[in-house]
Amino acid sequence: HRKLEFLGDFDLFRRTPQLEADARRYRATFDLLLGESLALARKERNLVNVADALRDLGRVRWQRGDLARGTALVDESLAVCRETRDRCGEGLSLYELGCIAATRGDSAQAEALLAQALPLLHEAGDRRTLAAALETTARLARSRQPRAATRLLGAAAALRDAIGAPVRRSERSEHDQTVAATRSALG
């Protein structure tokens with residue numbers, strides 16, 4: 001125990017100017033690589049990879065707060081998936097669009113998009129994204145339909161257990177809030 005006392009003084013998460021500069025550089029490199037991936041897929045006329053790159057770019061834009069650009073990129077990905085009849089890609093794009101709509105506060109659109117995504121993700125066997133989609137749907141339904149939200153969370157937990165995929169650390173807080181709010185709504 002005494003040997004670990006020094007760790008209390010070591011702040012792993014302290015933001016320094018150097019750390020901030022590194023993060024900006026890594027984000028810029030990541031953006032460049034995603035852009036190159038899209039350009040290469042377009043040059044090779046590989047529409048599946050075009051759709052994937054567009055969806056990835058859209059997710060990055062959305063997660064960085066640019067909802068309009070994120071939506072436009074994922075919409076384009078969805079169109080390519082539908083053109084190529086890539087049902088798995090279609091499900092992934094619909095899921096991303098549902099998440100973006102939820103972030104915008106448009107619960108009705110988010111639920112509609114997720115309702116379209118769920119059967120496609122199930123059909124494709126993408127259980128990790130299916131679990132995340134069930135959890136997002138539960139978050140949207142928790143106050144209006146807490147019993148349905150409970151079933152959705154239970155199904156997502158069973159899927160995650162079956163594939164050994166816990167909720168990501170970056171999503172844990174929101175997940176825990178959904179579970180707590182659902183429990184509270186049930187009384």
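Numbering of residues begins at 1 and proceeds along the displayed sequence.
Through chains of ILVMFWY side-chain contacts below 4.5 Å, L94 is grouped with W62, L67, V74, L78, L97, I100, L113, L120. Taking a 4.5 Å side-chain heavy-atom cut-off between Ile, Leu, Val, Met, Phe, Trp and Tyr, the cluster of L92 extends to Y95, L114, L118, L121, L130, L134, L140, L152, L159.
In terms of heavy-atom proximity, A117 sits nearest to G91 at CB-O, 3.5 Å. Shown here for T182 and P146, the closest heavy-atom pair between the two residues is CG2-O, 3.5 Å. Nearest heavy-atom pair, A156 versus E135, reported as atom, atom and distance to 0.1 Å: CB-CG, 3.5 Å.
A salt bridge is defined here as a Lys NZ or Arg NE, NH1 or NH2 lying under 4.0 Å from an Asp or Glu carboxylate O, and R139 with E171 fails to meet this definition.
Residues meeting the side chain to side chain donor-acceptor pair (under 3.5 Å) test with D56, sequence neighbours left out: R59. Applying the salt bridge (charged side-chain N to carboxylate O under 4.0 Å, His left out) test to R183 and every residue at least two apart in sequence or in another chain returns nothing.
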Chi angles and distances behind the side chain to side chain contact (heavy atoms under 4.5 Å, CB included) call for D31, R61: CA-CA 10 Å; D31 291 350; R61 294 292 174 254; 3.8 Å; yes

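Pairs passing the side chain to side chain donor-acceptor pair (under 3.5 Å) check and including a residue from residues 143-156, sequence neighbours excluded, read E111-R144.
L33 and V60 are members of different hydrophobic clusters when ILVMFWY side chains are connected at heavy-atom separations under 4.5 Å.
Around the CZ atom of R25, the shell of radius 6.0 Å holds more than 12 heavy atoms that belong to other residues, nucleotides or ligands.
The CZ atom of R127 sits 12.0 Å away from atom CZ of R160, with the distance rounded to the nearest 0.5 Å. Distance check: R104 CZ to C99 SG gives 11.5 Å after rounding to the nearest 0.5 Å. Once rounded to the nearest 0.5 Å, the distance linking OG of S77 with CG of D52 reads 7.0 Å.
The backbone N or O of A133 lies less than 3.5 Å from a partner atom in the side chain of T137, making a donor-acceptor pair. In this structure a side-chain-to-backbone donor-acceptor pair under 3.5 Å is present from R55 to G89.
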N/O donor to acceptor pairs below 3.5 angstrom from side-chain atoms of residues 37-51, sequence neighbours left out:
unit_1, atom_1, unit_2, atom_2, d
R42, NH2, E76, OE2, 2.6
N46, OD1, V48, N, 3.4
N46, OD1, N49, N, 3.1

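Between R128 and R168, some side-chain heavy-atom pair lies under the 4.5 Å cut-off.
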